[in-house]
Amino acid sequence: MAPEPEYYRPVPLDNDPSRAGWSGNRPGASGRPAGSPFGGAPFGARSGGPASGGVPSGDAPFGAPQRPVVTVVGGKSLLLAYVLWFLLGWLGVHKFYLRQPVWGLIYLGLGGLGWSLAGVGIGFLFLIPWALLMVLDIVTMPFRTAFVNASIARSAWVR
């Protein structure tokens, strides 16, 4: 079986200031989660229990820094990109799907002008570059899909 792609691996959010409880590496920062005034459990709660905002006991002590993990689910599918290329490629729908709207409009313009002017005889001026771009997409689609998925993974935790 092939190794798991990089963009599906869990990514720890150690340096994310937007997450709750982040104290950063500032001088005087305690490293304790937010919500507990002195680093201990709130009154009536056991240390490390869900009521204190910590992890369940046995995984890590209450005062230990917690490491949330983000797993990217729902990246772009290579199979769907190829299906869109095959069925609606002349409209550039696969380019819109892979977050390339300018190229999608170029495909739409070249394909639309080429097929509409084919009866006049000058449609080939637009259809030849369109066909070359479509053939190029067959080869570059896996790389573009991987790039978009990696971009989605990066944007999920680096803000």
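Since we're looking at a predicted model, the values are computed, not measured.
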Original post:
Does Thr145 reach the main-chain N or O of Met141 with its side chain, forming a donor-acceptor pair under 3.5 Å?
Top reply: yes

Subject >> Residue pair Pro142 / Tyr82: nearest heavy atoms and the distance that separates them >> reply: CD-OH, 3.3 Å

Subject >> Under the side chain to side chain contact (heavy atoms under 4.5 Å, CB included) test, residues paired with Leu91 that sit two or more places apart >> reply: Leu88, Val93, Leu108

Subject >> Residues, nucleotides or ligands: over 12 heavy atoms within 6.0 Å of Phe147 CZ >> reply: no

**OP:** Please collect all salt bridge (Lys or Arg N to Asp or Glu O under 4.0 Å) contacts where either partner lies in residues 115-126, sequence neighbours excluded, each pair once.
**Re:** none

Original post:
Which residues pass the side chain to side chain contact (heavy atoms under 4.5 Å, CB included) test with Leu80, sequence neighbours left out?
Top reply: Ser77, Leu84, Tyr97

Original post:
Does the side chain to side chain contact (heavy atoms under 4.5 Å, CB included) test come out yes or no for Leu105 and Phe96, once each step is laid out?
Top reply: CA-CA 9 Å; Leu105 292 173; Phe96 288 109; 4.0 Å; yes

Original post:
For Leu98 and Val148, which heavy atoms make the closest approach, and how far apart are they?
Top reply: O-CG2, 3.4 Å

Subject >> Pairs meeting criterion salt bridge (Lys or Arg N to Asp or Glu O under 4.0 Å) with involvement of residues 126-144, two or more places apart >> reply: Lys95-Asp137

**OP:** Answer yes if Phe126 and Leu136 sit in the same cluster of Ile, Leu, Val, Met, Phe, Trp and Tyr residues linked by side chain heavy atoms under 4.5 Å apart, and no otherwise.
**Re:** no

**OP:** Would you kindly confirm whether Leu127 and Trp103 end up in one hydrophobic cluster when ILVMFWY residues are joined by side chain heavy atoms under 4.5 Å apart?
**Re:** yes

Original post:
Mind checking whether Leu110 and Val102 sit in one hydrophobic cluster, side chains of I, L, V, M, F, W, Y counted as touching below 4.5 Å?
Top reply: yes

**OP:** Provide the full list of salt bridge (Lys or Arg N to Asp or Glu O under 4.0 Å) pairs with a residue in residues 102-119, sequence neighbours left out, each pair given once.
**Re:** none

Subject >> All pairs passing salt bridge (Lys or Arg N to Asp or Glu O under 4.0 Å) where residues 115-131 contributes a residue, at least two apart >> reply: none

Original post:
What is the distance from atom CH2 of Trp85 to atom OH of Tyr107, rounded to the nearest 0.5 Å?
Top reply: 9.5 Å

